[in-house]
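Beneath this line is the structure, given in structure tokens, with notes to follow.
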Protein chains: 2
Amino acid sequence: MIKPVAPDSEFTIRELAQEFDVTPRTLRFYEQKGMISPARRGAARIYSAADRARVDLILRGKRVGFALDEIKEILDLEAIDRGGRERLEPAIERFVARIQVLQQQREDVERAIAELQAGLDWMRERLENRTPPDDVRRRARAFEALAQARLDPWSGASAG
Amino acid sequence: MIKPVAPDSEFTIRELAQEFDVTPRTLRFYEQKGMISPARRGAARIYSAADRARVDLILRGKRVGFALDEIKEILDLEAIDRGGRERLEPAIERFVARIQVLQQQREDVERAIAELQAGLDWMRERLENRTPPDDVRRRARAFEALAQARLDPWSGASAG
DNA sequence: TCACACACTTACGCGAACGTCAACGTCAAA
DNA sequence: TTTGACGTTGACGTTCGCGTAAGTGTGTGA
């Protein structure tokens, strides 16, 4: 995930945009928000390996649901450090909260994968119109119930 | 996660909103989008256990990054089923794509948790101002580099 | 010198997912 | 019967994360 490059590498906006599958506009937008500060050659932006690493972190942050401002905050930790202990404490609290959200999210992702997988089996089954193996049937019925929101709350949503 | 309730339970909009920590407006919004269809007593909405299950699924879907329209699509699988094979095939493709995205996301979440956890150790260390144990120091430095996006791409982002 | 790709800034626009009034109905307790 | 909590339906406002022109350089090859 993300290829290593030489520390002294340089990239144009388009190169970086292509690599990360975003538009140049997106990178300019991040810059405008103060999340990256590429060097300039004249007016043109030149991205270093460090800039590239930041972009990678930004996009990974996005994928797990961080807002851009939150990601910026993480990227700005250096400033928090210099700011001393008063700034550190609330930052810690937000970090803890964030980690908890992520742990919840991990659980959600696991369930979603399992459920969609079951749904997939179910759909493929319909397509081939064969008699399904027993375990697939069980999962499929579970999904069916879930998809139509008819799951019996006593059996389905149990286990706290 | 999500308490089981009797199948014949009924809820007001406020009860459900409170339980799921959303506003009544949000539930009406989902209804307006055709994602739930609570019964009415007069003009007032009455939510069944099934409605509640759907709300749960909607919110879980949201947390893993599904758009509301996508969630609706999942909830509408019944219709897809009735629609026959032509509608089923593209749905399968979208499902497969979605599962792949989720697998990527699972990876991202794992990394994010690990990195934030390291960042947390690092911050707590600064707070207590003690000499950290070696393993914490290593992780902390990794985070520091990451947070400031100065990680050496040759060592840090390797292993493709 | 011309064309063309690619870059830049400025600025308005947009869809998603609600928030926030406004104006009104309803029902139970005081 | 008035108060107050709760409900309803519009309809407009807001934030986020960019998209999309519009107009203007800049550099490179034919």
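Only heavy atoms go into these numbers, but all of them, side chains included; no hydrogens, no water, no symmetry mates. Each chain gets a letter, A, B and so on, in the order its sequence line appears, and its residues count up from 1.
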| query | Which residue lies toward the 5' end of DNA chain D, Phe29(A) or Ala43(A), if each is placed at its nearest nucleotide? | reply | Phe29(A)

| Atom CD of Gln32(B) and atom C1' of dC12(D): how far apart are they, to the nearest Å? | 13 Å

| CA sep, side-chain torsions, deciding dist, call: Val55(B), Tyr30(B), side chain to side chain contact (heavy atoms under 4.5 Å, CB included) | CA-CA 9 Å; Val55(B) 171; Tyr30(B) 293 159; 5.6 Å; no

| Contact under 4.0 Å: Lys62(A) side-chain N or O vs dC16(D) OP1/OP2 | no

| Phe11(B) CZ to dC6(D) C1': how many Å, rounded? | 18 Å

| query | Quick one: do Glu70(B) and Arg94(B) make a salt bridge, cutoff under 4.0 Å? | reply | no

| task | Output the single nucleotide from dA17(C), dA11(D), dA7(C) whose closest atom is nearest the side chain of Arg25(B). | result | dA11(D)

| Whole-Å gap separating P (dT15(D)) and NZ (Lys33(A)) | 12 Å

| query | Just to confirm, is there a sub-4.0 Å distance from OP1 or OP2 of dC18(C) to any side-chain nitrogen or oxygen of Tyr30(B)? | reply | yes

| query | What is the nucleic acid contact for Arg40(B), judged by heavy atoms within less than 4.0 Å: base, sugar-phosphate only, or nothing? | reply | sugar-phosphate

| message | Whole angstroms only, please: what is the CE-P distance between Met35(A) and dC16(D)? | response | 12 Å

| request: Measure the distance from CD1 on Ile13(A) to C1' on dA5(C) and round it to the nearest whole Å. | output: 15 Å

| query | Would you say dG17(D) has OP1 or OP2 under 4.0 Å from some side-chain N or O of Lys72(A)? | reply | no

| request: Check the distance between dC6(D)'s C1' and Leu16(B)'s CG and give it to me in whole angstrom. | output: 16 Å

| request: Give the C-alpha distance, both sets of side-chain angles, the deciding distance and a yes or no for side chain to side chain contact (heavy atoms under 4.5 Å, CB included) between Phe20(A) and Asp56(A). | output: CA-CA 8 Å; Phe20(A) 288 110; Asp56(A) 177 48; 3.9 Å; yes

| Which sits closer to the 5' end of DNA chain C, Thr23(B) or Asp69(B), going by the nucleotide each is nearest to? | Asp69(B)

| field | Ion pair Glu73(B)/Lys33(B), N-O distance below 4.0 Å | value | no

| field | Value in whole Å for how far the C1' atom of dC16(D) lies from CG of Leu68(B) | value | 15 Å

| Ion pair Arg52(A)/Glu19(A), N-O distance below 4.0 Å | yes

| said: Among dA11(D), dT9(D), dA17(C), which nucleotide has an atom closest to any side-chain atom of Ala67(B)? | reply: dA17(C)

| task | Just compare dA11(C), dA7(C), dC8(C) and give me whichever is closest to any side-chain atom of Arg14(A). | result | dA7(C)

| request: Can you figure out which of dA7(C), dT9(D), dA11(D) approaches the side chain of Arg45(B) most closely? | output: dT9(D)

| field | Proximal nucleotide (of dA7(C), dA17(C), dG19(C)) relative to the Thr26(B) side chain | value | dG19(C)

| note | Between CD of Glu15(A) and C1' of dC6(C) the distance, given in whole Å, is 12 Å

| message | Closest approach to the side chain of Thr12(A), judged atom by atom: which nucleotide of dT8(D), dA7(C), dA17(C) is it? | response | dA7(C)

